[in-house]
Amino acid sequence: MRGGRWRTVGRGLGRVIVVWAVSTLTMLVLAGILPDFKLKADDGDSATRVAVTAALGAGAFGLLSALVWPLLVRALLLVPALVIGLLTFFLNGSLLLLALRLIPDGRGDANAETAVVVAAVMSAVASATGGALAVRDDDAYRRRLYRLADRRRRRAADPHRPSTPGTVFLQLDGVGHDVLCRAARKGVTPTIARWLGADEGPDARATHRLTPWRTDWSSQTGASQLGILHGSNHDVPAFRWYEKDTGEVMVSNRPASAAELQRRAIVRTGDGGLLTYDGASRGNLFSGGAEQLALVLSMAARRGRENRSRAGYFAYFSDPANAVRTALSFVAEVGREIGESTRARIRRRRPRVSRGGLYPFIRAFATVVERDVVVAAVIGDMLAGRAAVYADLVAYDEVAHHSGPTSGDAERVLRRLDRSLALLAQVAEHAPRPYRIVLLSDHGQSPGETFRARYGLTLGDLVRAGCGLPVPRRARRTHSGAEARSAVRAALRRPVEEGTGEHRPRRLAEPIVLASGNLGLVSFPDVPHRMTREEIDRRHPALLPTLANHPGIGFLLVRSADRGPLVLGARGAEVHLDELPADAGPAALGPLADFGPGAADAVRRTDGFPHTADIMVNSAYDPLDGEVLAFEEQIGSHGGLGGAQSRPFLLSPLVLSPPVAEGADGTADLVGAEAVHQVLRRWLREAHGPEVPRVTPADDRLPDPAAPTAFPAADQVVQDKTQ
């Protein structure tokens, strides 16, 4: 035992010496290349003296980085999060200048700009060398992981973690069921293929079960993730909608709106969410009741000590090499996006949307910065032995919106995400407790050109024409609401701003028109209640026929004063949802027939929401090619009904119970985000036993603790279709 301990010490000391030697060599090379960086006195020095100076400088820089750097980064949490990544280089350079000042006789010197470059290169080289040595020594790598885990456990309030399995829920935002299957078959995602038993080899066997599920009518992250994490997405009719009682436009990815939606869900369900028991929420719109938070949008608007949503930046940037590595990948991703968009324009690829302005930087943030920080946070959670972790990776969704869900560009993002999954699977082997990794998505994406590109006008223009209002000669682009854009603004502490135009009428009597992917909402703000079909016809007799008969519109939802929810289609088609028989055929479903099973139920449920718009508009859908027409500037869209956007997936380990029981015909349906929540609850029970849901301090304005708590039985998987 004693000999093994001395061998461990010897190996660790050997790695330190190697890293020090490589850093010294790097400093010598940079001193020879950069004219403003010197390691010798003004009157010259021998080669030996210069080498000693470099060794002293490298040692001092390494020591300062190890001791001072974590304190500096923690102080930087007081500034906007994205600024941390920029200040990293300047602070790293400052440490190098300080290290050079410690060299005797003033032999080390560099100007500020050169110090930044030298420090960045040395950090990257030292990190790469240390990582390469650790990878070659599996025992050392395992011991390092255990040391990190022990350190985190000592910092936690409860140092004794249970041996029961933990669960990591990883959300691949926007990845549809069919896209995942195709990527696994093509070898784009080898880790997922291995879990499904689809990789080649004699030992190939499945370890996970793939289950598709069906979203609600609002097939977007706000509705789906709220239902998954908090058990209720009641009264979330779209990505953005107008509330007549408050006069506000709610936007799912606006921090203030996300906080209010979370509060409403907690009041409705009576508990804090899926993650209230020793949970962590990373990169999500909502907290799920977790106390450990990083990059959670519903908490981003808060100020004070209770706001821990940006703590993940410290965990990641506490290693200066991470900042260097992420910055280089960020720049490379910006260049990649500019090159790909340029090729698309040169080749006149169709469909195509604008990808200029700040979009290359937003894409790089989603596919590099947020991915790296979220993955690092999840690794920390696993090493700390937390019971439940839910993390959202938005990279694919952001790229698919602008490049298309089946494009080569989106496939390359999936390939990089798969490497992150492989890393997390490797970390799970060294965690202090066993972990079950559950992969899922919140929605898919449906391809297709924009409504504006095909018809030369926006949905707002069409509504104005139907109301007899003047229409602009040139259609203006509709604001796009991808999740990554709001994450960038939250990191910069800037509010999510809605663009002017369609949904901000000049006069109160004019309609407010909002777009959520291929779902449109029309509201009349001067009428305090939801208008009926009869009221709309009396006020604007041409509006409903204009919308229903337009070739780019699939169907409308309005409410009849006499017969309840009513679906309108082309050529006078009408479907009274409350009068549909349970076994209604295509003829009875009318315009809903092409939108797949459950479309009538999903539309009927949304009709019952308090804040459903006066007119709900779903774009046309071609069932042959799966294309929809987006009312936003997106060629991969989601938010309504039609195609792959409504068919996400749930990939779970075989050791967990099946999500749903098969019916007599061998099929099983998992319908709605609230039903997915119940499945995830059941799996957590299977791992940890029954846990009483509790409201966490992270949630303010919460329900009365004495109120009854709804917590269904372990085998219950339901969807409330009466809401």
Side-chain angles (χ1 to χ4, degrees), residues 149 152-153 156-158 160-172 208 224-231 262 265-266 269 271-296 298-299 308-309 311-312 315 374-393 421 424-425 427-428 431-442 650-653 655-657 659 673-674 676-699 709 711-712 714:
R152 292 177 183 275
R153 281 196 297 273
D158 180 11
H160 303 291
R161 297 289 176 175
S163 58
T164 55
T167 309
V168 176
F169 302 106
L170 297 174
Q171 178 180 302
L172 298 186
H208 285 62
S224 292
Q225 196 178 88
L226 185 65
I228 292 171
L229 286 177
H230 288 279
Q262 180 173 307
I266 293 172
T269 61
D271 69 74
L274 183 72
L275 307 173
T276 53
Y277 175 69
D278 192 24
S281 181
R282 311 301 189 186
N284 301 311
L285 294 182
F286 310 103
S287 75
E291 293 187 358
Q292 299 296 326
L293 305 170
L295 281 70
V296 176
S298 63
M299 302 296 166
R308 301 179 300 281
S309 65
V374 168
V375 169
V378 174
I379 291 175
D381 293 326
M382 296 170 73
L383 294 179
R386 295 196 175 98
V389 182
Y390 194 104
D392 187 10
L393 298 171
L421 298 179
L424 293 174
V427 171
R433 69 190 303 173
Y435 271 99
R436 297 163 175 176
I437 298 179
V438 175
L439 203 63
L440 75 160
S441 60
D442 49 345
L650 185 59
L651 183 65
S652 57
V655 295
L656 298 173
S657 60
E674 294 179 1
V676 175
H677 172 86
Q678 300 301 337
V679 172
L680 304 191
R681 283 263 195 189
R682 168 162 40 100
W683 288 344
L684 290 179
R685 282 194 187 92
E686 292 174 1
H688 312 296
E691 296 293 347
V692 178
R694 59 187 175 86
V695 172
T696 65
D699 304 304
T709 298
F711 201 51

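Everything numeric in this text was worked out from a predicted model, so none of it was measured.
Interatomic distance, Ile228 CD1 to Arg681 CZ, rounded to the nearest 0.5 Å: 13.5 Å. To the nearest 0.5 angstrom, Leu226 atom CG is 9.0 Å from Leu285 atom CG. Taken to the nearest 0.5 Å, the CD atom of Gln292 stands 11.5 Å off from the CG atom of Leu275.
In this structure, Leu393 and Val375 have side chains that are in contact, with non-hydrogen atoms separated by less than 4.5 Å. Within the 4.5 Å cutoff, side-chain heavy atoms of Leu656 are placed close to those of Val438. Side-chain contact check for Ser657 versus Trp683: some heavy-atom pair is nearer than 4.5 Å. Taking the side chain as every heavy atom from C-beta outward, Val389 and Phe169 never approach each other to under 4.5 Å. Residues Asp392 and Val374 form no side-chain contact, since every pair of their non-hydrogen atoms from C-beta on lies 4.5 Å or further apart. Residues Tyr390 and Asn284 form a side-chain contact, since some pair of their non-hydrogen atoms from C-beta on lies under 4.5 Å apart. Between Leu170 and Leu440 there is no side-chain heavy-atom pair separated by less than 4.5 Å. For the pair His677/Leu229, no side-chain contact is recorded, criterion being any heavy-atom separation below 4.5 Å from C-beta on.
Annotation for Arg436 and Pro653: closest pair CB-CG, 4.1 Å, computed over non-hydrogen atoms. Scanning all heavy atoms of the two residues, the minimum distance from Ala687 to Thr164 falls at O-CB, 3.4 Å. Of all the heavy atoms in Ala384 and Pro432, the pair that sits closest is C-CG, 4.4 Å.
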CA sep, side-chain torsions, deciding dist, call: Leu421, Leu439, side-chain contact (heavy atoms from CB on, under 4.5 Å): CA-CA 9 Å; Leu421 298 179; Leu439 203 63; 3.8 Å; yes
Any chance you could lay out the side-chain contact (heavy atoms from CB on, under 4.5 Å) test for Ser281 and Met299, step after step, and finish with the verdict? CA-CA 11 Å; Ser281 181; Met299 302 296 166; over 6 Å; no
When you look at Leu274 and Leu684, which way does the side-chain contact (heavy atoms from CB on, under 4.5 Å) test go after all the steps? CA-CA 9 Å; Leu274 183 72; Leu684 290 179; 3.8 Å; yes
In sequence, state the C-alpha distance, the side-chain angles, and the governing distance for His208 and Ser652, and then conclude on side-chain contact (heavy atoms from CB on, under 4.5 Å). CA-CA 5 Å; His208 285 62; Ser652 57; 5.6 Å; no
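Remark: the Gln262 side chain and the Ser287 side chain contain an N/O donor-acceptor pair separated by less than 3.5 Å. Between the side chains of Gln171 and Asp442, at least one donor N or O sits under 3.5 Å from an acceptor N or O.
Electrostatic pairing of Arg282 and Asp381 counts as a salt bridge here, judged by a charged N lying under 4.0 Å from a carboxylate O.
Between the side chain of His230 and the backbone N or O of Gly272, at least one donor-acceptor pair lies under 3.5 Å. Checked by atom type and distance alone, the side chain of Arg433 pairs as donor or acceptor with a backbone atom of Gly385 at under 3.5 Å. Checked by atom type and distance alone, the side chain of Thr269 pairs as donor or acceptor with a backbone atom of Ala265 at under 3.5 Å.
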